[in-house]
Amino acid sequence: MGSGGLLLSRFSLKGKTALVTGASRGLGRAMAIGLAEAGADIIGAGISDMTEVKAEAEKAGSTFYGIRADLSDRVQRSGVIQRALEEKGKIDILVNNSGIIRRAPAAEYSMEDWRAVLELNTDAVFQLSTEAGRHMLERGSGKIINIASMLSFQGGLRVPAYTASKHAIAGLTKALSNEWAGKGICVNAIAPGYMETDNTEALRMDEERNAFIQSRIPAGRWGLPEDLKGPVVFLSSDASNYVSGHILAVDGGWLNF
Ligand code: NAD
């Protein structure tokens, strides 16, 4: 093997098991497929049907095991780590991707929407990370990748709960990293910019907001789910073993504009 091959082997996820929440569509689906393409076996967890992502992961030469669970439910989400471990015996990589957004002016924002967003986007991430974290601590290795947002850094408009939840994700990423980086577990986040998924359909349909957002992205386009494949594989692999507590913006340059 040449020196290039030696380096590339550090990016390989062969023999690793990755649990991806919300793998059915959008960013989670692209990341699950990216991880499969890098050699990992995939466990998907979420409320929606995972037939398509399963077929794509298998086409990439990986195995796919789906766990249907509402991660907004404390009891259901607790069963996820347990079932993943029963099925695969280990979790090397946890990608906390499931998330929702609810839009309303702050003055009219309901406590129900506030709770629903925080429950899935923040509480579930904390619970899954600590449950998987206990297993990773026992093994002395693991990678946790949380999906943050531009609204981990900025305030956004008419999405107060989402902004609060994603700021919390940035803080939680650093807090867990501080405790676990010395114990073989890297905890990082990816902060996607404005990406074309169901999550942003309302924004893209709003002509004025769409034009404003696009004109403000230095790369000149919305991001595609595939744009996350390289970053998530990097943060999941041995190539990033000295990277922890970092929030990697994958945003076409938005944050620095
Ligand atoms: P999406 O709506 O296309 O997909 C969300 C996924 O979460 C789906 O698989 C869905 O089934 C799952 N999910 C929803 N409710 C769930 C529940 N109760 N239990 C379990 N799973 C549930 O959204 P997306 O754009 O792919 O977003 C994925 C993540 O990326 C979210 O955390 C989102 O906040 C974040 N994000 C998205 C963008 C963007 O521009 N699309 C930007 C920054 C961050």
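Counting starts at 1 for both ligands and their atoms, following the listed order.
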Any heavy atom of [X] closer to ligand 1 than 4.0 angstrom?
X	value
Ala69	yes
Ala45	no
Leu120	yes
Ala148	yes
Trp222	no

Nitrogen or oxygen of [X] less than 3.5 angstrom from that of ligand 1:
X	result
Thr200	no
Asp70	yes
Asn97	yes
Gly46	no

- Message: Classify the ring geometry of Phe212 against Trp254: parallel below 30°, tilted from 30° to 60°, perpendicular beyond 60°.
- Response: perpendicular
- Donor-acceptor pair between Thr173 and Asn188 side chains, under 3.5 angstrom: no
- Message: Checking side-chain polar atoms at under 3.5 Å, does Asn199 have a donor or acceptor matched by the opposite partner on Thr197?
- Response: no
- In ligand 1, the atoms that come under 4.0 Å of a heavy atom of Ser72 are 18 (N)
- Are any side-chain N or O atoms of Ser110 and backbone N or O atoms of Asp113, one a donor and one an acceptor, separated by less than 3.5 Å? yes
Residue and atom name of the nearest protein heavy atom (relative to [atom]), distance in Å to one decimal:
atom	result
atom 3 (O) of ligand 1	Arg25 NE, 3.2 Å
atom 11 (O) of ligand 1	Ser48 OG, 2.5 Å
atom 43 (C) of ligand 1	Pro192 O, 3.5 Å
atom 36 (N) of ligand 1	Tyr162 OH, 3.5 Å

